[in-house]
Amino acid sequence: MIDLKELREHPDRFRNGVRDKCMTVDIDRLLAIDEARRAIITRQETARAEQNRIGKESGPMIGQLKAKFKSANPLEKERITSEIAGLEARPIALKAEVQECDARLAAIEPEWKSLWMLVPQPPAADVPKGKGSEDNIELRRWAPAGWNFAQTFAQNRGFAPRTHLELVKMHGLVDFERGVKMAGTRHYVMTGLGMRLHQAVLRYAIDFMADRRGFTPMGVPVLVKEECMIGTGFFPAGREQAYHIEESVRGSAHDLFLTGTGEVGLMGLHADEILDLHALPLKYCTVSTCFRREAGAAGKDTAGLYRIHQFDKVEQIVVCRADEAESRAWHAQMMETVEMILQSLGLAYRLLQCCTGDLGVKNEDMIDIESWMPGRGAIGSDGAPTGEFGETHSASRLGDFQCRRLNLRYRDETGKLRFAYALNNTVIASPRVLIPILEMHQQADGSVVVPEVLRPFMGGIAKIG
RNA sequence: GGAGAGGUGUCCGAGCGGUUGAAGGAGCUAGUCUCGAAAACUAGUAGUGGGUUUAUCCUACUCGCGAGUUCGAAUCUCGCCCUCUCCGCCA
């Protein structure tokens, strides 16, 4: 969430942020409620202070009077009784005022809070303005030796490509029918070498992060409380995207939600903590099963491994000090990691600077990495798919938005508490990444050459089929 | 599922009706000592909200959360949430 003080002082920064992200949040309404709230608090505080003052003053007096009362004659007793009653009555009007303020706060705070939670992190100043993914800007592209983006797959390789759907069927790598039988649309079963390839990719990525990038691998919950979803910024905006386990209706304490990314578990780890400066930066990675309802995507990418309800992902997060330059340096390092991995897998890809309209609530800067998928896209004049880029990774800078929500802070060198900056990035997501792996490494006969870096994780198998 | 114990500051841990916003220790910061470091010693060190002459102070709230008892609650009562231990069941 955003800093309310910052909002009061520079409301335009947030109005512009909402506009540039093409969202609708009533900033003026929030400011108005916020002002009303502060006015009530001021009033209540004044009353409370007065109450405390009177309490300090009349407390001892009441005590003295009560002591006197014991040894007093009946006439004095009557006088003392009324005097005590008078003293005790003094704070009553104030008590009523305090309670009234409480009631008024309770009346406005739900709206205040929910509006506040909806205000997005403004995009970084250098993020290009745009309406949606069509306005994203390509930063660079890379292809392995022998691959020319200007040519079709057939021109590059000398034969027409098969789609990953054909390839997995041909080699028995995925069983879609039985996946659908058991769990419904957008479900699948990884089988045989398909499962081994899937596991190889994940294990390769985890080892890469641990051994070559110095990240600490973690196993985190994928079933979490609502606070984790809110804290990481996925709720309330993305609520319909998450599977909801309604344990409370069965008499259990609280509901649970299935996470759509390992980021939730990794970032939630240190929620409500105050870290020592030297504990930063936190560099964590995890492999976790990710669950997505894909609400609103009905009819989109219905076939194959592209858009599915359950997949596995190696995710990396960095929590660093509140320093923009440091955050940008980590962002660049994350991109470098992804490029190293994609290059080692022999995949062609491009980096896109996402425009303001393509950013989510929580990020201020995002780079998408799209891998070339020869089997996607329209059918060309030669009867083969023309190929298309498909998003396989994305790397985000969140500023302090997420740590503010998670209440994750550290003490800086002056002893001041600060919300840390957070970043996150896909290291690899499978089975989606199997699409370009299978399609780019297919041979004329339909066999698929396993990228060399994966072979140690597949019992040395060099070729499928 | 049955029985019990407990949730206190950055962390550990005392307090169980009133000068306790909170002992003691660790950590951290500064200083002394040292060629330097370690050790030792000395001092400082809670959070949140609000106000403000905005860098300094004032103020309110906070000992899991919420309500209650009381002149007064971290301390007593009730409800809720969470954690741990033992037994049962089980991957």
Side-chain angles (χ1 to χ4, degrees), chain A residues 1-10 30-31 33-70 80-95 97-106 108-110 112-113 116-117 219 221-228 230-231 247-256 268-280 282 289 319 321 400 403-420:
Chain A
M1 64 195 149
I2 55 106
D3 185 353
L4 274 182
K5 280 192 185 139
E6 182 73 12
L7 177 75
R8 287 172 205 141
E9 283 162 26
H10 307 288
L30 175 56
L31 283 168
I33 297 177
D34 181 59
E35 202 178 325
R37 177 175 170 274
R38 282 182 295 145
I40 297 168
I41 286 174
T42 303
R43 226 185 92 198
Q44 186 178 43
E45 256 186 35
T46 311
R48 276 210 171 111
E50 182 66 3
Q51 224 178 4
N52 289 345
R53 198 183 59 75
I54 291 171
K56 258 186 208 153
E57 207 175 272
S58 52
M61 287 166 74
I62 292 172
Q64 281 173 9
L65 288 169
K66 281 191 173 166
K68 259 193 215 167
F69 182 83
K70 284 176 192 159
I80 290 170
T81 306
S82 71
E83 209 168 318
I84 289 176
L87 284 172
E88 286 182 348
R90 284 176 73 190
I92 283 179
L94 291 166
K95 193 177 178 186
E97 183 162 353
V98 167
Q99 283 175 338
E100 194 210 316
C101 288
D102 265 336
R104 292 175 61 176
L105 283 175
I108 62 170
E109 278 188 339
W112 172 74
K113 189 82 194 280
W116 183 15
M117 297 305 273
V222 295
L223 198 54
V224 301
K225 295 185 204 166
E226 190 171 10
E227 294 96 285
C228 277
I230 293 171
E247 278 297 283
S248 60
V249 306
R250 304 170 64 178
S252 187
H254 51 74
D255 286 2
L256 292 163
L269 222 57
H270 294 286
D272 294 317
E273 290 185 23
I274 296 176
L275 302 172
D276 281 338
L277 184 59
H278 62 253
L280 299 179
L282 302 175
T289 303
V319 174
R321 59 178 76 200
D400 68 0
C403 290
R404 191 178 286 278
R405 281 204 185 212
L406 286 163
N407 195 27
L408 194 173
R409 294 170 295 173
Y410 68 96
R411 222 174 268 286
D412 71 11
E413 30 296 81
T414 68
K416 201 178 163 214
L417 288 175
R418 311 191 66 115
F419 292 105

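Just so you know, these numbers use all the heavy atoms, side chains as well, and skip hydrogens, waters and symmetry mates. Residue numbering restarts at 1 for every chain, and letters A, B, ... go by the order of the sequence lines.
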With the criterion being N/O to N/O and under 3.5 Å, what pairs connect the protein with nucleotides 51-62 of chain B, and how long is each?
unit_1 : atom_1 : unit_2  : atom_2 : d
B:G51  : OP1    : A:Arg38 : NH1    : 2.8
B:A60  : OP1    : A:Asn52 : ND2    : 3.3

Subject >> Spacing of the P atoms in B:G44 and B:A23 (rounded, Å) >> reply: 12 Å
**OP:** Mind checking side-chain hydrogen bond (donor to acceptor under 3.5 Å, both in side chains) for A:Asp3 and listing every partner two or more places apart, or none if nothing turns up?
**Re:** none
**OP:** To the nearest Å, give me how far apart CD (A:Glu109) and P (B:G66) are.
**Re:** 12 Å
**OP:** Take atom C1' in B:G47 and the same atom in B:A74, then report the distance between them in whole Å.
**Re:** 16 Å
**OP:** When you get a sec, tell me which of B:C82, B:G47, B:G50 is the closest nucleotide to the side chain of A:Arg409?
**Re:** B:G47
Original post:
To the nearest Å, how far apart are A:Glu226 CD and B:C82 P?
Top reply: 14 Å
Original post:
So what does A:Leu417 touch, heavy atoms closer than 4.0 Å: a base, only the sugar-phosphate, or nothing?
Top reply: sugar-phosphate
Original post:
Mind checking the C1' distance from B:C65 to B:U29? Whole angstroms is fine.
Top reply: 34 Å
Subject >> Interatomic distance at P, B:A40 relative to B:A26, whole Å >> reply: 8 Å
Original post:
Salt bridge between A:Asp400 and A:Arg404, side-chain N to carboxylate O under 4.0 Å?
Top reply: yes
Subject >> Distance between P atoms of B:C63 and B:A73 (Å, rounded) >> reply: 11 Å
**OP:** Quote, to the nearest angstrom, the P distance that separates B:G9 from B:C80.
**Re:** 24 Å
**OP:** Provide the distance between the two C1' atoms, one in B:A39 and one in B:C33, to the nearest whole Å.
**Re:** 11 Å
**OP:** Report the distance from atom CG of A:Asp272 to atom C1' of B:U48, rounded to the nearest whole Å.
**Re:** 13 Å
**OP:** Mind checking side chain to side chain contact (heavy atoms under 4.5 Å, CB included) for A:Arg321 and listing every partner two or more places apart, or none if nothing turns up?
**Re:** A:Leu277, A:Leu280, A:Asp323, A:Glu326, A:Tyr410, A:Glu413
**OP:** Can you sort out the partners of A:Arg409 under side-chain hydrogen bond (donor to acceptor under 3.5 Å, both in side chains), two or more places apart, ordered by chain and number?
**Re:** A:Asn407
Original post:
Who passes side chain to side chain contact (heavy atoms under 4.5 Å, CB included) against A:Glu226, sequence neighbours left out?
Top reply: A:Ile230, A:Phe235, A:Arg239, A:Phe257
Original post:
Please give, in whole Å, the distance from B:U48 C1' to A:Ile274 CD1?
Top reply: 11 Å
**OP:** Name all residues meeting the salt bridge (Lys or Arg N to Asp or Glu O under 4.0 Å) criterion together with A:Arg43; count only those two or more places apart in sequence or in a different chain, and write none if there are none.
**Re:** A:Glu97, A:Glu100
Original post:
Below 4.5 Å, heavy atoms only, C-beta onward: do A:Trp116 and A:Leu30 meet side chain to side chain?
Top reply: yes
**OP:** Only counting residues at least two apart or in another chain, list the ones meeting side-chain hydrogen bond (donor to acceptor under 3.5 Å, both in side chains) with A:Arg418.
**Re:** none
Distances for protein N or O near nucleotides 25-31 of chain B N or O, under 3.5 Å:
none

Original post:
Where does RNA chain B pair, written as one dot-bracket string 5' to 3', with Watson-Crick or G-U pairs under 3.5 Å, ( ) inside the strand, [ ] for crossing pairs and | for another strand?
Top reply: ((((((((.[[[..)..(.....]]]((((((.......))))))((((((.....)))))).[[[[[..)....]]]]])))))))....
**OP:** Round to a whole Å and report the spacing from CG of A:Leu223 to P of B:A91.
**Re:** 20 Å
Original post:
Do A:Asp272 and A:Leu408 come close enough that some side-chain heavy atom pair is under 4.5 Å?
Top reply: no
Subject >> Set of side-chain hydrogen bond (donor to acceptor under 3.5 Å, both in side chains) partners for A:Trp112, sequence neighbours left out >> reply: A:Asp34
**OP:** Tell me, please, which residues at least two apart from A:Leu223 pass side chain to side chain contact (heavy atoms under 4.5 Å, CB included).
**Re:** A:Ile245, A:Leu256, A:Leu258
**OP:** Taking side chain to side chain contact (heavy atoms under 4.5 Å, CB included) as the test, write out the residues that go with A:Val224, two or more places apart.
**Re:** A:Pro221, A:Cys228, A:Met229, A:Thr259, A:Val264
Original post:
Between B:U48 atom P and A:Asn407 atom CG, what is the distance in whole Å?
Top reply: 8 Å
Subject >> Atom C1', compared across B:U75 and B:C16: separation rounded to whole Å >> reply: 4 Å
Original post:
In whole Å, what is the span from the CG atom of A:Leu105 to the C1' atom of B:U48?
Top reply: 15 Å
Original post:
Which whole-number value in Å describes the distance from A:Gln44 CD to B:U48 C1'?
Top reply: 15 Å
Original post:
Looking at side-chain heavy atoms only, is the closest gap between A:Leu275 and A:Arg411 below 4.5 Å?
Top reply: no
